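Worksheet: the structure to be examined is printed underneath.
First the proteins, then the strands, lettered A, B, ... as listed; each starts at 1. Just so it is clear, the structure is predicted and the values come from calculations on it, not from any experiment.
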Number of protein chains: 2
Amino acid sequence: MATTTAQDEELASALVQTMHRLQDLHAESSRPLGLTPQQAHLLCVLLGGPLGMTELSRVLSIERSSLTSMVDRLERRDLVARTANPTDRRACHIELTTDGKSLAHDVHNAVVARIETLTADLSASTRKTLMTALQSILAQA
Amino acid sequence: MATTTAQDEELASALVQTMHRLQDLHAESSRPLGLTPQQAHLLCVLLGGPLGMTELSRVLSIERSSLTSMVDRLERRDLVARTANPTDRRACHIELTTDGKSLAHDVHNAVVARIETLTADLSASTRKTLMTALQSILAQA
DNA sequence: TATTGTTATACTCTATAACTATA
DNA sequence: TATAGTTATAGAGTATAACAATA
């Protein structure tokens, strides 16, 4: 059985605080570009290539029905497009338009730039250990 | 002028990914307790003591007008209460009720428990470095 | 005049349930 | 039957602008 120490809880709390701080920063970077944080996330995910609705909803951790309206709004702004899936007539691919790709790059760069200022003070070795730790955490998912 | 290396960007991207993963985990921990992630955040902030609307909106990074309706909903469920501020009749304190305090502890414990499973694999020294790095990042804010 | 909090309004995000078209 | 995506609906989160009461 797991014994939870005060240090464990402090670390977990620090991770939660950092999450909230990064969320704020993400929102602050998205807004000037005319995007909600959720829209920014969606566009950045699509930088990796087109995805179907079911797959995209899984990546974003939202219901497909919620995604439908999000995609509707972005499609109206010509930031994404629904394209037919040749091998399955029920399905579609969601892909970035030229404008969408450009905006996705902009928001990604803005977020990364903001975060880099937060990590600028860290030593090279701390940075390396941090990277390893984050990869370990992400691997649990 | 800042020179951005590929490693800097990788670290920033890993932080963003971790943020999204922790957000999901936070939502998954809140929902079974009947709370949205935003409501859970609000309640947990109030564990530190009562706050005025302006102060609370600043801590949560939302507009005061948005906070009004959130507090309305939580007050209807008897999780928080608005109490008068004796020294300023315009202002009020938002504080946890007995039920609210209990629920706030529950959600905090649930989130911490989930996060601890993610960091369980890290060595003591990695954990220590991670903690230091997070504190440095949080200090920038 | 400035500040505290609320109201009015309009969008966006989100889930659940029911539906259609296709596999 | 199962899956992909949508529609209908309801509630929650959010911002902007305008407001009342108090400082």
Side-chain angles (χ1 to χ4, degrees), chain A residues 20 23-24 26-46 50-77 79-95 107, chain B residues 20 23-24 26-46 50-77 79-95 107:
Chain A
H20 283 128
Q23 270 183 264
D24 290 350
H26 189 250
E28 289 163 15
S29 305
S30 309
R31 177 180 265 281
L33 296 173
L35 296 173
T36 65
Q38 294 88 348
Q39 290 173 333
H41 190 193
L42 191 159
L43 295 184
C44 287
V45 163
L46 290 182
L51 290 176
M53 292 293 285
T54 299
E55 211 169 355
L56 187 52
S57 75
R58 190 180 46 70
V59 173
L60 297 176
S61 301
I62 60 176
E63 293 295 321
R64 282 175 304 164
S65 58
S66 305
L67 183 57
T68 294
S69 44
M70 283 194 69
V71 170
D72 286 347
R73 285 185 285 272
L74 293 171
E75 196 173 32
R76 255 180 260 131
R77 292 167 64 180
L79 296 173
V80 305
R82 285 174 167 95
T83 60
N85 181 331
T87 68
D88 186 340
R89 293 197 314 190
R90 294 171 304 179
C92 62
H93 288 317
I94 313 299
E95 61 182 26
V107 73
Chain B
H20 283 128
Q23 270 182 263
D24 290 350
H26 189 248
E28 288 163 16
S29 304
S30 308
R31 175 181 265 281
L33 297 172
L35 296 172
T36 66
Q38 294 88 349
Q39 290 173 333
H41 190 193
L42 191 159
L43 295 184
C44 286
V45 163
L46 290 181
L51 290 176
M53 291 294 284
T54 298
E55 212 170 353
L56 187 52
S57 74
R58 189 180 47 69
V59 173
L60 297 176
S61 302
I62 60 175
E63 293 295 321
R64 281 174 305 164
S65 58
S66 305
L67 183 57
T68 294
S69 42
M70 281 193 69
V71 170
D72 286 346
R73 284 185 285 271
L74 292 171
E75 197 173 31
R76 254 180 261 132
R77 292 166 64 181
L79 295 174
V80 305
R82 285 174 167 95
T83 60
N85 180 333
T87 69
D88 185 343
R89 293 197 312 188
R90 294 171 305 180
C92 63
H93 289 316
I94 314 300
E95 62 181 27
V107 73

Please state how far atom [atom1] in [X] lies from atom [atom2] in [N], giving the value in whole angstrom units.
X: A:H93; N: D:dA4; atom1: NE2; atom2: P; value: 13 Å
X: B:N85; N: D:dA23; atom1: CG; atom2: C1'; value: 12 Å
X: B:Q39; N: C:dC13; atom1: CD; atom2: P; value: 18 Å
X: A:Q23; N: D:dG13; atom1: CD; atom2: C1'; value: 13 Å
X: A:R82; N: D:dA4; atom1: CZ; atom2: P; value: 16 Å
X: B:D24; N: C:dT14; atom1: CG; atom2: C1'; value: 14 Å

Could you list all N or O pairs between the protein and nucleotides 19-23 of chain C that sit under 3.5 Å apart?
| residue | atom | partner | partner atom | Å |
| --- | --- | --- | --- | --- |
| C:dT22 | O2 | A:R90 | NH1 | 3.3 |
| C:dA23 | OP1 | A:R89 | N | 3.0 |

Whether A:H41 and B:H20 hold their rings parallel, tilted or perpendicular, with breakpoints at 30° and 60°: parallel
Pairwise 5' ranking along DNA chain C for A:Q38 and B:G52, keeping only the more 5' one: B:G52
Under-4.0 Å side-chain N/O to phosphate OP1/OP2 contact, B:T54 with C:dT3: no
Salt bridge (charged side-chain N to carboxylate O under 4.0 Å, His left out) partners of A:D88, counting only residues at least two apart: A:R90
Results of side-chain hydrogen bond (donor to acceptor under 3.5 Å, both in side chains) for B:S69 - residues two or more places apart only: none
Residue list, side-chain hydrogen bond (donor to acceptor under 3.5 Å, both in side chains) with A:E28, at least two apart or on another chain: A:R114
Proximity to DNA chain D (any heavy atom under 4.0 Å), residues of residues 57-74 of chain B only: B:I62, B:E63, B:S65, B:S66, B:S69, B:M70, B:R73
Trace of the side-chain contact (heavy atoms from CB on, under 4.5 Å) decision for A:R58 with A:L51: CA-CA 10 Å; A:R58 190 180 46 70; A:L51 290 176; over 6 Å; no
Trace of the side-chain contact (heavy atoms from CB on, under 4.5 Å) decision for A:V45 with A:E55: CA-CA 11 Å; A:V45 163; A:E55 211 169 355; over 6 Å; no
Nearest-neighbour nucleotide for the A:M53 side chain, C:dT6, D:dT6, C:dC13 considered: D:dT6
Pairs involving residues 59-75 of chain A, ordered by first then second residue, that meet salt bridge (charged side-chain N to carboxylate O under 4.0 Å, His left out) (sequence neighbours left out): A:D72-A:R82, A:E75-A:R82
Spatial distance of atom CD1 (A:I62) from atom OG1 (A:T68) [nearest 0.5 Å]: 9.0 Å
